[in-house]
Amino acid sequence: MYEIDALRLLVTVAETGSFTHAASRLNYTQSAVSRRIATLEQQAGGPLFERLPRGVRLNPAGRALHRHAVEVLDRLARAQRELAVLHAGHGGLLHVGAFATANIQLLPTALRALQDARPDVEVVAIEGPTDTLMRRLTDGALDLAVVSDYPSGLPAADGVTTTELCEDELLVALPHEHRLAGAGTVRLRELRDEPWVQSTYGDRPTMLADACARAGFTPKKIIRIAEWTGKFGYVAAGLGVALVPSLAAWAVPDEVVLCRLDDPALRRTLHAALPATPLPAALELRDLLRVGVSSTPRHGEPRLQSECEAQGIDRQARAKIAKQRFCVTETTSW
């Protein structure tokens, strides 16, 4: 392994073009510079500099090592700056994760508020399912994650604490021409013959499986689609129906209708998850998420398909109403 001081010396000699000038800049003796460069060349397996009548210059091997040395020293310098900022209680990097539908509105709104209040905080965001996010928290790769207990419960993770943000209702997405699209509330059993578009089913307990069991049936077909755009596409094409969290109402296309289901247990809980020793910025973001949830407008019952049709509201306006009326909460990236 190359020592950091040796890499720094390599870069300095390359910049100055002279052992003598490098020694002066780093407060070394010229003989010390010569010895350390000789040791570095031995580690590298051969010469790194061409010796010239006046000074030195990098040879091809030296240029290759120099490129990596510059990158390493730059990374270390940035790490030092970030640590200094963190120890001072200001700014720095904040690694944040969330499942897909939390990235539609809830998390971006909180991050914008954090950016306005703390412009010195640089956010690095990733998206993933809850179990992956919890593992990343345990591994120290995340500072905060927005997670939920859907579809198979909230996984336990050593050293991770969770704060409940709110509950979120699960709705059913139907194609616009579906026979039940005009219903205010759909009985789940009425969908027993429908294919279900779902990323997870059968390999572990899920809320959908439990709800179908309570309704006295097992779905005849599961279409395994993970991404939201794909799920909405399948539903819009009339190929199946899907459970949709109310937070996703912001992204539902006009060809898809959301209806309530008659099972009150079809809800999940949204959490902010933090490591045992959270960063100040992570705590601030958690509080902003809680404020965002509590300040989300709630205008009573959301106006669904049947109400809109009764009042002559077109599909585009109906989508706006759904987006304004549904509780903004959510769960895993499913």
Side-chain angles (χ1 to χ4, degrees), residues 99-104 127-132 147-155 167-269 302 304-306 309 315 318-319 322 326 329-334:
F99 49 85
T101 48
N103 284 323
I104 294 174
E127 182 177 291
T130 285
D131 53 355
T132 299
V147 298
S148 87
D149 58 358
Y150 185 89
S152 304
L154 190 65
E167 287 189 340
D168 187 31
E169 183 179 4
L170 298 177
L171 311 166
V172 64
L174 306 173
H176 187 263
E177 304 304 325
H178 193 279
R179 59 187 175 82
L180 298 174
T185 298
V186 174
R187 293 179 60 235
L188 184 59
R189 184 168 175 78
E190 293 183 273
L191 301 171
R192 61 187 177 276
D193 295 325
E194 300 285 350
W196 285 85
V197 185
Q198 178 85 1
S199 60
T200 302
Y201 195 93
D203 50 352
R204 53 182 170 169
T206 61
M207 289 187 183
L208 175 60
D210 291 345
C212 292
R214 287 193 295 271
F217 72 96
T218 299
K220 294 184 176 180
K221 183 178 181 180
I222 297 292
I223 303 174
R224 291 181 177 269
I225 303 294
E227 298 297 329
W228 276 110
T229 50
K231 288 182 178 181
F232 290 149
Y234 271 69
V235 172
L239 298 175
V241 300
L243 283 183
V244 175
S246 62
L247 182 59
W250 293 76
V252 171
D254 292 343
E255 296 80 11
V256 173
V257 172
L258 296 180
C259 294
R260 278 206 163 99
L261 290 163
D262 64 339
D263 188 340
L266 278 172
R267 295 177 175 273
R268 68 288 189 68
T269 306
L304 299 178
Q305 170 79 0
S306 58
E309 289 185 344
R315 287 159 61 186
R318 182 164 58 248
F326 282 124
T329 54
E330 226 297 276
T331 64
T332 49
S333 167
W334 43 308

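Smallest separation of non-hydrogen atoms from Glu194 and Arg179: OE2-NH2, 4.2 Å. Taking every heavy atom of both residues into account, Trp228 and Leu243 meet most closely at CH2-O, 3.8 Å. Residues Leu188 and Cys212 share a closest heavy-atom pair of CD2-N, 3.9 Å. Contact between Pro219 and Trp196 at its shortest, heavy atoms only, is CB-CD1, 3.7 Å. Nearest heavy-atom pair, Ser199 versus Ala226, reported as atom, atom and distance to 0.1 Å: CB-CA, 3.7 Å. Taking every heavy atom of both residues into account, Phe232 and Ala251 meet most closely at CE1-O, 3.7 Å.
In this structure, the side chains of Asp193 and Phe217 stay at 4.5 Å or more apart for every pair of heavy atoms.
The CG atom of Leu208 sits 9.5 Å away from atom CG of Leu170, with the distance rounded to the nearest 0.5 Å. Atoms OG1 and CG, on Thr101 and Leu247 in that order, are 5.0 Å from each other to the nearest 0.5 Å. Atoms NZ and CD, from Lys231 and Gln198 in turn, are 5.5 Å apart once rounded to the nearest 0.5 Å. In this structure, Leu154 CG and Asp131 CG are separated by 10.5 Å, a value rounded to the nearest 0.5 Å. Once rounded to the nearest 0.5 Å, the distance linking CD1 of Ile225 with CG of Leu239 reads 9.5 Å. The structure places CZ of Arg214 at 6.0 Å from CG of Leu266, a figure rounded to the nearest 0.5 Å.
Residues forming a side chain to side chain contact (heavy atoms under 4.5 Å, CB included) with Ala236 (at least two apart in sequence, or on another chain): Glu255, Val256. Under the side-chain hydrogen bond (donor to acceptor under 3.5 Å, both in side chains) criterion, Arg189 pairs with no residue at all, not counting sequence neighbours. With sequence neighbours excluded, the residues satisfying side chain to side chain contact (heavy atoms under 4.5 Å, CB included) with Asn103 are Ala98, Leu107, Glu127.
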Original post:
Could you walk me through whether Asp149 and Met207 pass the side-chain contact (heavy atoms from CB on, under 4.5 Å) check?
Top reply: CA-CA 9 Å; Asp149 58 358; Met207 289 187 183; 3.7 Å; yes
**OP:** Start with the C-alpha gap between Cys259 and Leu180, add the side-chain angles, then the distance that decides, and say whether side-chain contact (heavy atoms from CB on, under 4.5 Å) holds.
**Re:** CA-CA 9 Å; Cys259 294; Leu180 298 174; over 6 Å; no
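Taking a 6.0 Å sphere around OH of Tyr234, one finds it holds 12 or fewer heavy atoms contributed by other residues, nucleotides or ligands.
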